Protein chains: 2
Amino acid sequence: MKDTPFVAIDCIIFGFDQKEESLKILLLKHVLQSGETTWSLVSGFLNIDESIDDAANRVLHSLTGLTEIYLEQLHASGAIHYGPEPRTIAISYYALINQNAGILDDKYSAHWIKLSEKPKLIFDHDEMVSRAIKRLQRRALTQPIGFKLLPTKFTMRQLIKLYEEIIGEPLDKRNFTKKVISLGLLKRLTEKEKNSSRKGSFLYKFNAEKFNKGVEKGMTLHTT
Amino acid sequence: MKDTPFVAIDCIIFGFDQKEESLKILLLKHVLQSGETTWSLVSGFLNIDESIDDAANRVLHSLTGLTEIYLEQLHASGAIHYGPEPRTIAISYYALINQNAGILDDKYSAHWIKLSEKPKLIFDHDEMVSRAIKRLQRRALTQPIGFKLLPTKFTMRQLIKLYEEIIGEPLDKRNFTKKVISLGLLKRLTEKEKNSSRKGSFLYKFNAEKFNKGVEKGMTLHTT
DNA sequence: TCAAAAGTGTTCACCGTACACCCATGG
DNA sequence: CCATGGGTGTACGGTGAACACTTTTGA
């Protein structure tokens with residue numbers, strides 16, 4: 001028996017589907033020789049000559065083609081009698097993608113799945129996902145992290161819908177708008193987006209300077 | 001070269017010295033053959049046949065004799081070119097000890113060191129400590145976790161001093177007392193502790209039921 | 001009698017929350 | 001002209017924060 005375990009890297013990748021206005025995660029579909037189908041997180045193994053953060057980036061890039069991703073370590077799990085043999089410990093990361101979660105499917109055999117429609121995953125990946133959701137919820141309420149899931153220009157409606165998806169509760173439009181504006185995190189552009197409504201709605205960008213300060217101060221959001 | 005890394009477990013163990021009213025961590029002193037002295041966290045290696053949580057408990061117990069400890073995983077670190085060869089990744093845990101941080105020194109060759117007097121530690125243990133302090137500070141402001149550092153019966157003064165040590169700022173006695181009482185986390189006993197003052201001060205215990213609810217609701221503390 | 005710690009209330013300012021109507025425009 | 005989504009302000013209550021004096025009793 002080996003005396004050191006394998007180290008797996010598992011990534012919970014969140015994306016916001018702007019069309020469906022829903023939060024999704026990127027999953028890999030495996031078709032076994034038996035014909036059975038299983039699902040897993042985007043995963044790989046740590047190489048002996050790379051740091052674990054590098055490994056997470058490599059895994060993410062090689063399976064999705066994505067780069068410059070917000071990535072944060074979540075947890076190391078290493079129960080016995082659960083998961084693959086030989087002995088493996090798993091380090092999970094969660095990632096936020098600021099691109100429309102509807103593209104890049106076929107090329108990489110990864111699929112964007114609505115959180116509410118998530119199939120059962122292998123090993124302890126389900127537990128990792130629920131841990132990632134909790135982390136995302138906590139972060140969203142204390143840091144302006146949700147912005148990392150949106151494209152450069154976005155409407156206030158998209159921002160609200162995104163936060164509603166994350167925390168799983170409806171938000172008050174006026175209070176939310178007031179809050180994010182008063183935090184100074186946003187720049188309203190003069191452009192309007194005209195597809196979604198007859199009136200058209202303003203586009204916003206992030207105010208990058210204030211953004212970083214805001215992370216420290218925290219960002220409390222109104223619910224209901 | 002091996003293709004899987006060693007997995008180290010490093011524990012940041014916090015204790016509250018009631019005599020000195022200061023927060024301390026438990027460190028191991030190593031005297032090298034050269035006569036040089038180095039310091040490290042309480043550490044060990046993951047065995048192939050135990051979970052990582054079990055490993056943390058084992059390491060903690062074998063080096064301190066302590067059991068039934070509050071333990072929480074912090075982070076996995078695994079940079080290359082830093083730390084021991086052969087390749088090792090380290091999983092850090094932080095622990096809170098509810099016993100007076102002045103005992104059990106000699107028996108286990110571990111030393112309680114004031115945070116302000118912490119020597120430089122080996123590898124990336126300093127980084128782990130600062131991460132642990134941050135975590136403890138955050139937890140202390142949102143969960144009644146600080147109670148885990150006190151004995152069963154304690155005075156309000158001790159509780160305040162502990163929180164002041166944790167967050168590194170003075171607290172308003174009246175506001176703090178009001179807050180913790182209103183949260184219902186405490187039971188005031190009829191006993192008084194008579195050593196610290198002529199008047200004597202009431203002893204408190206935790207209200208275990210409300211304690212767990214309080215964890216969910218959060219506990220905000222007054223500063224200044 | 002005095003020193004040293006314990007105990008206790010009030011006021012103010014801010015912010016989170018609830019809540020509803022008019023605007024612009026493409027069809 | 002009307003349906004659809006966009007945009008905006010006010011009033012109330014709760015809570016965090018500031019702040020000082022009296023009590024007790026061992027030495």
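In what follows, chains are A, B, ... by sequence order, proteins preceding strands, each numbered from 1. Worth saying up front: this structure is predicted, and the values here are computed from it rather than measured.
- Between Glu169(B) atom CD and dG16(D) atom P there is a gap of 16 Å when expressed in whole angstrom units.
- Of all nucleotides listed (dA5(C), dG7(D), dC19(C)), dA5(C) comes nearest to the side chain of Lys199(B).
- Between the side chains of Thr37(A) and His30(A), no donor-acceptor pair of N or O atoms lies under 3.5 Å.
- Taking atom CD on Gln158(A) and atom P on dG5(D), their separation rounds to 15 Å, with Å as the unit.
- Here Glu164(A) pairs with Ile160(A), Lys161(A), Pro170(A), Leu171(A) under the side chain to side chain contact (heavy atoms under 4.5 Å, CB included) rule; sequence neighbours left out.
- A distance-only check finds no donor-acceptor pair linking the side chain of Glu191(B) to the backbone of Phe202(B) [under 3.5 Å].
- In this structure, Gly200(A) and Lys173(A) both approach DNA chain C, and ranking their closest nucleotides by distance from the 5' end singles out Lys173(A).
- For Arg138(A), the side chain to side chain donor-acceptor pair (under 3.5 Å) criterion is met by no residue, not counting sequence neighbours.
- Partners of Ser130(A) according to the side chain to side chain contact (heavy atoms under 4.5 Å, CB included) rule, which considers only residues two or more places apart in sequence or in another chain, do not exist here.
- Close to dG16(D), at under 4.0 Å from its OP1 or OP2, lies a side-chain N or O of Lys179(B).
- In this view, Ser77(A) and Asp124(A) satisfy the side chain to side chain donor-acceptor pair (under 3.5 Å) rule, not counting sequence neighbours.
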Identify all pairs in which a protein N or O lies below 3.5 Å from an N or O of nucleotides 10-12 of chain C, and state each distance.
unit_1: dT10(C); atom_1: O4; unit_2: Lys178(B); atom_2: NZ; d: 2.8

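- Within the structure, every pair that satisfies the salt bridge (charged side-chain N to carboxylate O under 4.0 Å, His left out) test and touches residues 53-68 of chain B, not counting sequence neighbours, is listed here: Glu50(B)-Arg58(B).
- We find that CG of Leu159(A) is positioned 19 Å from P of dG5(D), with the value rounded to whole Å.
- Between the CZ atom of Phe176(A) and the C1' atom of dT8(D) there is a distance of 16 Å, given to the nearest Å.
- Distance NZ (Lys194(A)) to P (dG6(D)): 12 Å, rounded to an integer number of Å.
- Under the rule for a side chain to side chain contact (heavy atoms under 4.5 Å, CB included), the partners of Ser43(A) that lie at least two apart in sequence or sit in another chain are Asp10(A), Leu41(A), His125(A).
- The CG-P distance, from Asp172(B) to dT8(C), rounds to 14 Å in whole Å.
- Here dC19(C) is the nucleotide among dT25(D), dC19(C), dT23(D) with the atom lying nearest to any side-chain atom of Arg174(A).
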With 3.5 Å as the limit, what N/O pairs link the protein to nucleotides 1-3 of chain C?
none

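- Considering only the side chain of Arg157(A), dG5(D) comes nearest among dA6(C), dC19(C), dG5(D).
- Residue-level contact check: Ser196(A) touches the backbone only, with heavy atoms under 4.0 Å from sugar-phosphate atoms and none from bases.
- Without hydrogens or angle criteria, Glu193(A) side chain to Asn195(A) main chain gives a donor-acceptor distance under 3.5 Å.
- An end-to-end axis angle of 10° holds for the helix from dT1(C)-dA27(D) to dG27(C)-dC1(D), taken from five base pairs per end and rounded to 10°.
- For the salt bridge (Lys or Arg N to Asp or Glu O under 4.0 Å) test, residues two or more places apart in sequence or in another chain that qualify with Glu20(A) are Lys24(A), Lys114(A).
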May I have the list of side-chain donor-acceptor pairs in residues 115-123 of chain A shorter than 3.5 Å, sequence neighbours left out?
unit_1: Lys118(A); atom_1: NZ; unit_2: Asp126(A); atom_2: OD1; d: 2.4

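- If you measure from atom CG of Asn195(B) to atom C1' of dT25(D), you get 14 Å, rounded to the nearest angstrom.
- Met156(A) places its CE atom 8 Å from the P atom of dG7(D), with the value rounded to the nearest Å.
- Residues meeting the side chain to side chain contact (heavy atoms under 4.5 Å, CB included) test with Leu96(B), sequence neighbours left out: Phe14(B), Tyr70(B), Tyr94(B), Leu136(B), Ile145(B), Lys148(B), Leu149(B).
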